[in-house]
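Report on the structure given below.
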Amino acid sequence: MEHDDDDDDEHDTPAEVDAAFRTLRRVAITHFVLFLAAVMGVPALSLTLDWWSGGRLAGGMSPGFAMAAFGLYAFFLVIGLAAATLSSAVEARMLGGRNDDDDYPADGELP
């Protein structure tokens with residue numbers, strides 16, 4: 001039986017996995033800190049700035065209410081997409097996977 005090195009699965013070393021884990025943990029902590037700052041910032045602004053809760057925007061909403069009703073959800077969507085995209089990119093670059101040649105079959109081969 002012939003042994004073909006091209007068919008062997010690639011395995012990541014423990015050092016590579018550890019480095020990827022540390023990087024992904026740093027990404028998660030950074031995005032959590034941004035999330036926490038946004039969640040705590042809305043009530044903090046209400047306590048410190050009179051116009052934040054006393055001013056009026058379209059429809060009679062205060063800037064604080066508008067931020068809590070709409071702005072935070074938009075921010076959460078953006079930060080969630082950013083965290084997911086960055087985490088996927090970090091994992092793809094730092095950890096091995098299938099070869100790029102495996103993504104596209106050779107002429108005449110079925111996927």
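Below, each value reflects all heavy atoms present in this structure, side chains not excepted, and no hydrogens, waters or symmetry copies. Residues: numbered from 1 along the sequence shown.
- Between Ser46 and Ser53, the closest heavy-atom pair is O-OG, 4.1 Å.
- Counting heavy atoms from C-beta on, the side chains of Trp52 and Val42 come closer than 4.5 Å.
- Atom CG in Leu24 sits 7.5 Å away from atom CG in Leu95 (nearest 0.5 Å).
- The structure places CG of Leu72 at 11.0 Å from CD1 of Ile79, a figure rounded to the nearest 0.5 Å.
- A single hydrophobic cluster is seen to contain both Met40 and Phe35, as judged by linkage of ILVMFWY side chains at heavy-atom distances under 4.5 Å, directly or through other members.
- Note that the CE atom of Met67 and the CG atom of Leu45 stand 8.0 Å from one another [nearest 0.5 Å].
- For Val27 against Ser87, the heavy-atom pair with the smallest separation is CG1-OG, 3.7 Å.
- In this structure, the side chain to side chain donor-acceptor pair (under 3.5 Å) partners of Arg22, at least two apart in sequence or on a different chain, are Asp18.
- Taking every heavy atom of both residues into account, Ala38 and Phe75 meet most closely at CB-CE2, 3.3 Å.
- Shortest non-hydrogen contact noted between Glu16 and Met94 is CB-O, 4.5 Å.
- One distance of note links CZ of Arg56 with CZ of Phe65; it measures 10.0 Å at 0.5 Å rounding.
- Atom CG of Leu81 sits about 4.5 Å away from atom CG of Leu77, to the nearest 0.5 Å.
- Side-chain contact check for Phe76 versus Val39: some heavy-atom pair is nearer than 4.5 Å.
- Note that the CD atom of Glu91 and the CZ atom of Phe21 stand 12.5 Å from one another [nearest 0.5 Å].
- Summarising the local packing, CZ of Phe70 is surrounded by 12 or fewer heavy atoms from other residues, nucleotides or ligands at distances under 6.0 Å.
- Closest heavy-atom contact between Pro63 and Gly55: CD-O, 3.5 Å.
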